[in-house]
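Below: one structure, written as structure tokens.
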Amino acid sequence: MIDFHCHLDLYPDPPGIAAECVARGLYVLAVTTTPSAWKGSSSLVSDKGRIRVALGLHPQLALERKSELRLFDELLPKARYIGEIGLDGGQEYRLSWNDQIEVFDHVLSRCSSVGGRVMTIHSRRAVTPVLDYIERHPGAGLPILHWYSGSKKELSRAIALGCWFSVGPAMLAHERGRAMAATMPRNRVLTETDGPFGLVNGRSALPWDAEQAIQILCELWGRDKGYVHDLLRENLHKIGRLAESKVKPSA
Ligand code: MN
């Protein structure tokens, strides 16, 4: 099972959750919201084979944390995965919009300069500008739009631009999210939870709640669990090979 976007370091007991992920054999991408969180998250999972850590600067923190872009640049050569990055067009983040743009544009351009990265991207109420910036930085790497919540038209554009998608139980709980997921190319879909922010049954999602997304994908695709597991595993391996190929082993 795969949780390709969760905030492992923001659960009350990160080592406990990490240990449980290992025990369950989960593939996890532990995203970070600030560059300064990357080292701690990396040491948390250093010996955990199927957990990877992504280097991020969350758009909702762009204003307070853009001073950490220097640290981002410093860590980037070692980071195989980037996220959480992106833009948030919600009313409550309007005042930081210019800072968000500055951070996102910087990150994409730095990713280009190191040969591209696999990126997990936030695009709440901002799919069009996110796609504009992705289009402007074609060398930035592989964009994976997490928890897609845009329109059908924006989805077509994202697909044409080569985006991948990670879908979770919270997004798929609604008819609209399910309709979007049904339109995504199956060979570009991964599962996620966005825990502890993503909710299932009114509580924080745990990485293994990605299972609920698999159930829904079975229904949407009209296929059994074996097929869906195999397809997702194959998608993950493609991403993994791409991510590894971008980073030179350190001397
Ligand atoms: Mn997130």
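Order of listing sets the numbers, starting from 1, for every ligand and every atom in it. Side chains included, hydrogens not; waters and symmetry mates left out as well; all remaining heavy atoms used.
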More than 12 foreign heavy atoms under 6.0 Å from NZ of K238: is that the case here? yes

Specify whether H122 and H146 have parallel, tilted or perpendicular ring planes, treating 30° as the upper limit for parallel and 60° as the lower limit for perpendicular. tilted

Sequence neighbours left out, what pairs pass side chain to side chain donor-acceptor pair (under 3.5 Å) with at least one residue falling in residues 226-237? R186-Y227

Over 60° means perpendicular and under 30° means parallel, so tell me whether H7 and H5 are parallel, tilted or perpendicular. perpendicular

Say you draw a straight line from CD of Q100 to CZ of R94; how long is it, rounded to the nearest 0.5 Å? 12.5 Å

Just one of V28, V31, I144, V189 clears the side chain to side chain contact (heavy atoms under 4.5 Å, CB included) bar with F4, so which one? I144

The Mn ion (ligand 1) - number of protein N/O/S atoms closer than 2.8 Å: 4

